[in-house]
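For reference, the structure discussed in these notes is given below.
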There are 2 protein chains.
Amino acid sequence: MSTIRDIARSANVSVSTASLALNGDARVREATRRRVLEAAELLDYHPMRAARSLSSGRTWSIHLLDPSLGANMTSGFFTHYLRGLHDGARDGGYTLTLTVPQDEAEARSVLKRLMAERWSDGVVLMNPSEHDGLLQDVVEARFPHVLLGRSPVAGVSTVDNDNVAVARDATEHLLAPGRRAPLLINGPAYRTFTQDREQGFREACSTAGVRPRVAYVDAPPDAVREVIDAHLGAGLALDAIVTVADPQAVVAMRTLHERGRRVPQDVAIIGMNNDDLTQYTNPRLSSVELNAFALGRNAIELLLAGMDGATGGASQRLVPHELVIRESSA
Amino acid sequence: MSTIRDIARSANVSVSTASLALNGDARVREATRRRVLEAAELLDYHPMRAARSLSSGRTWSIHLLDPSLGANMTSGFFTHYLRGLHDGARDGGYTLTLTVPQDEAEARSVLKRLMAERWSDGVVLMNPSEHDGLLQDVVEARFPHVLLGRSPVAGVSTVDNDNVAVARDATEHLLAPGRRAPLLINGPAYRTFTQDREQGFREACSTAGVRPRVAYVDAPPDAVREVIDAHLGAGLALDAIVTVADPQAVVAMRTLHERGRRVPQDVAIIGMNNDDLTQYTNPRLSSVELNAFALGRNAIELLLAGMDGATGGASQRLVPHELVIRESSA
DNA sequence: GCACGCTATCGAACCGGTTCGATACTGGGC
DNA sequence: GCCCAGTATCGAACCGGTTCGATAGCGTGC
């Protein structure tokens, strides 16, 4: 392992000149720069990250704090936006690091250490639940950040879908042919995205003049089965189902099938995320493509822009979604 | 941000004593240690990672080099072993970093920089293809490593399923009731795991005295459809299908259904990985559980053990698999 | 009462880079 | 011939920790 002092010696310059040359400073003469670069090449020189970080104050890494990997059910979504984050980070010269906290307390303590010990130059927060103090911490510490999701507090940069519109569009699509008895199968209640989706659902129902029904499901898939059984068992009408994730929609389809209801003739269904599995069901599942890759990519862009100090304040970005209509709601 | 010098001053000790106290060295007197820890608590002291790394030579991070995230089709598998890696790293006090190279050249250059610039203390390699030089590089550099998969070269620590047995068990299961015309739908040809699975498939066929047929598929799912169409179109018998991934099995089921073959009565099918989607098909898909989480967890354990220098040589570990029989092969 | 060993602590060096301020050298203007 | 501005380079300080070798202070044994 050769150090910059080896390079300096070999190129017959001082350490400081070697450093300047290697970093492309305009002050060093062309001939000198070449000598230094040749020496570096010859000695297979690679600057040690830790040393560079210590003196420059930059780690060249971005940290992702994401509890969702623990909650599964969303692996398709996760891998897609992870890839968006990764590609964006790579293109900006950054490395991605990752923590999956098990609960809110761990998330908060990891975030605190991460910022204080300077593990990275910025952090991506995935959909923290509303009432933990993560967001306040990051804002108060003035640590570069971006939130995937909608922020309940001010001063936070965010990238998100327009979840109100996502649910409204999906619901309108199902109600358009004149269906009158829609059900929303929603996720955990304390997240902004489920609140927004419920709002969108209610808006569409209101416009169509039909009664909205909403069920909350924490731990699919069996809970979905129970919801539908209860609904039908109570003799309630049901001709349209919106779920906030595709696997839930698949379970809903199976349950309806077992109860003798046809999809889409009796009940139309649409999910969200446009997972690969939408291709594999029978009938194929309609869904809302949320462009998770773009979500990740935009998050990194916003974060890097904020780290350059170019933008003073927090900014928000919305990633477009699009309905993908398949047989389950045709 | 307070540094160790602030702590030392506040606790009325030298910097070196402060460092010793903070790291629990036995030499410092109990009363002194308490003074130092109280000062650290009071000033909310957190040692900067880069500084610690530079002086101690340890980064306290593990890097995952994994091209498979780019190739998708395996998101369930990926998230599970990623979680195994993450949990193992966390428990050992390490942070996980991640790179997704786009091709072999990038994989190799990233690996080289990673080792030379000391991004991490060790690296996890996911199933690199056989003929790139990744493994030689890592062995020659004597860099702590572990391979997820089987190594074609010596001196590499690995964690893997027994892929020969995986395919053999799956095939035997299908052939047991007397089926005579099995087909293996395999993945990319140049990976050790596809070779092993083909071998296991052939062994089971040989034992049963039936003729093995093997098709290679790079880019599912449409390729699977073509394979089956071609097979049936040629008038070949077909009563059992083994695929190396679950999504391929699902496509196979759909294609058979469209061609008027019943699953499992006419053709029995089993996939691998035991993805969530096996629950969502009709009939439900049999599969082989590969215990991806355990795979990741074991990989980290092996890596950390190797980093302690406890073990001199490379070691191998096999993670057990298990057949999960559902309706598609009942 | 003195030599000795042990314990707790300290100052300084070190890890490998970046960056600041000083300096030697160069060429141009008058 | 002298002064000055600008250029290329250098030594030293610095980033914030860890660790090595030295030392002061102490109690013990004889």
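The chains referred to below are lettered A, B, ... by the order of the sequence lines, with proteins before strands, and numbering in each begins at 1.
With sequence neighbours excluded, the residues forming a side chain to side chain contact (heavy atoms under 4.5 Å, CB included) with B:N127 are B:R191, B:T192, B:F193, listed by chain and number. For A:R35, there are no salt bridge (charged side-chain N to carboxylate O under 4.0 Å, His left out) partners, not counting sequence neighbours. The salt bridge (charged side-chain N to carboxylate O under 4.0 Å, His left out) check on A:R9 picks up A:D6, with sequence neighbours excluded. The salt bridge (charged side-chain N to carboxylate O under 4.0 Å, His left out) check on B:R113 picks up B:E117, with sequence neighbours excluded. Shown here are the salt bridge (charged side-chain N to carboxylate O under 4.0 Å, His left out) partners of A:E30, two or more places apart in sequence or in another chain: A:R33.
A donor-acceptor contact shorter than 3.5 Å is absent between the side chain of B:S315 and the backbone of B:S157. Judged by distance alone, the side chain of B:H80 and the main-chain N or O of B:G76 form a donor-acceptor pair under 3.5 Å.
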Working note: B:R49 + B:S61, criterion side-chain hydrogen bond (donor to acceptor under 3.5 Å, both in side chains); need CA distance, chi angles, decisive distance, verdict.
CA-CA 10 Å; B:R49 272 247 177 140; B:S61 84; 5.7 Å; no
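Taking the C1' atoms of five terminal pairs at each end of the helix from C:dG1-D:dC30 to C:dC30-D:dG1, the two resulting helix axes are inclined by 60°, rounded to 10°.
Residue contacts for A:S16: at a heavy-atom cut-off of 4.0 Å it reaches a base atom on one of the strands shown.
Legend: ring-ring contact (aromatic ring centres under 6.0 Å, His included) pairs involving residues 2-46 of chain B, not counting sequence neighbours: none detected. Within the structure, the salt bridge (Lys or Arg N to Asp or Glu O under 4.0 Å) test picks out the following pairs touching residues 135-152 of chain B (sequence neighbours left out): B:R108-B:D137, B:R150-B:D196. Residue pairs meeting the salt bridge (Lys or Arg N to Asp or Glu O under 4.0 Å) criterion with at least one member in residues 10-26 of chain B, sequence neighbours excluded: B:D25-B:R27.
Summarising the local packing, CZ of A:R297 is surrounded by more than 12 heavy atoms from other residues, nucleotides or ligands at distances under 6.0 Å.
When the nearest nucleotides of DNA chain D are assigned to A:V15 and B:V15 by heavy-atom distance, the more 5′-ward of the two goes with A:V15.
Against DNA chain C, the stretch residues 41-62 of chain A makes heavy-atom approaches under 4.0 Å through A:Y45, A:H46, A:P47, A:M48, A:A51, A:R52, A:L54, A:S55. Taking a 4.0 Å limit (strictly below) on heavy-atom distances, residues 19-36 of chain A reaches DNA chain D at A:R27, A:V28, A:R29, A:T32.
Protein chain A touches strand DNA chain D; the 5'-most and 3'-most nucleotides with an atom under 4.0 angstrom of its non-hydrogen atoms are D:dA8 to D:dG16.
When each of A:N298, A:D160, A:T158 is checked for a side chain to side chain donor-acceptor pair (under 3.5 Å) with A:R317, only A:N298 meets the rule.
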